Amino acid sequence: MSNEVAPLIFIISAPSGTGKTTLIRRVMALDQNLAFSVSHTTRAPREGEIDGRDYYFVNHDEFQKLISEGAFIEWAEVYGEFYGTSRREIEHLHSLRKDVVLDIDVQGAMQVMGKLNRREWVSIFILPPDIDTLGQRLITREKDPLEHIERRLSAAKEEIENASKYDYQIINDDLQKATRELLSIILKARKAAS
Ligand code: ADP
Ligand code: 5GP
């Protein structure tokens with residue numbers, strides 16, 4: 001990314017369990033000009049998650065306070081918990097001249113697409129190969145209680161109906177292929193913006 005070009009925002013959504021976190025981590029390891037936007041959430045940390053790296057973990061009162069202060073560029077209730085992207089986080093990453101990766105749900109993605117200039121963002125929806133595989137991945141991950149897995153799986157079909165609203169769709173079947181596709185979308189967008 002050259003210094004004269006405004007940083008891009010890559011909005012990435014997928015049904016839970018598709019492999020979005022895995023894909024984002026892989027692409028970020030290959031591309032030092034990307035920075036991950038750490039969201040606020042009221043959900044409890046999963047094993048291995050670190051406050052400030054994976055999320056800013058806050059309670060419901062703190063989240064409501066941030067909403068009332070207008071701290072979020074977008075926020076949404078997802079699977080019964082609150083998630084939001086703070087303006088401060090985006091401003092900070094922009095000040096580092098990094099392109100920003102937003103890992104957010106469909107509701108949040110629509111808000112960002114509606115608020116920001118069309119030239120600032122590129123949207124990508126990651127799809128599982130099929131619903132059975134998605135269920136299997138949620139179970140293999142083993143980081144959510146069973147009833148949460150069922151809720152996430154039943155939301156997936158509805159979420160997938162929104163895939164066509166995004167600039168790009170990637171099917172995460174073969175992980176290496178999907179990583180290459182995501183990276184090539186990012187490189188193409190940078191080239192187009194420069
Ligand atoms: P998400 O962030 O979309 O909820 P994760 O990245 O946590 O999903 O991935 C869910 C599970 O699926 C993890 O156990 C991960 O290792 C696995 N996984 C991710 N991508 C693939 C793939 N292409 N093939 C097989 N398993 C995958
Ligand atoms: P998880 O609990 O599995 O980490 O995330 C659940 C869902 O919340 C995922 O679809 C993820 O993309 C979404 N999410 C994470 N952070 C944000 C955010 O800041 N805003 C919105 N709208 N969704 C988010």
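All of these numbers come straight from a predicted model, not from anything done at the bench. Sequence positions, counted from 1, serve as the residue numbers for this chain. Ligands are counted one by one from 1 in listed order, and the atoms in each one are counted from 1 as well.
The nearest heavy-atom contact from the protein to atom 19 (O) of ligand 2 is S39 OG, 2.6 Å.
Looking at R46 next to ligand 2, an N or O pair under 3.5 Å apart turns up. Of the polar atoms of D105, at least one N or O is found under 3.5 Å from an N or O of ligand 2, judged by distance alone. In terms of N/O distances under 3.5 Å, ligand 2 is approached by E74. An N or O contact shorter than 3.5 Å is missing between E49 and ligand 2 by distance. Residue G84 has at least one N or O atom closer than 3.5 Å to an N or O atom of ligand 2. At least one N/O-N/O distance between T85 and ligand 2 falls below 3.5 Å.
Residue contacts with ligand 2 do not include Q111, since none of its heavy atoms lies under 4.0 Å from the ligand. Using a 4.0 angstrom heavy-atom cutoff, F72 does not count as in contact with ligand 2.
Between F82 and F72, the ring centre distance reaches or exceeds 6.0 Å.
Contacts of D173 with ligand 1, taken as heavy-atom pairs under 4.0 Å, involve the backbone alone.
In this comparison of R25, R141, Q176, the heavy atom closest to atom 4 (O) of ligand 1 sits on R141.
Each of the following atoms of ligand 2 lies closer than 4.0 Å to a heavy atom of K20: 9 (C), 10 (O), 11 (C), 12 (O).
Ring pair Y56/H40 is tilted by interplanar angle, where 30° to 60° counts as tilted.
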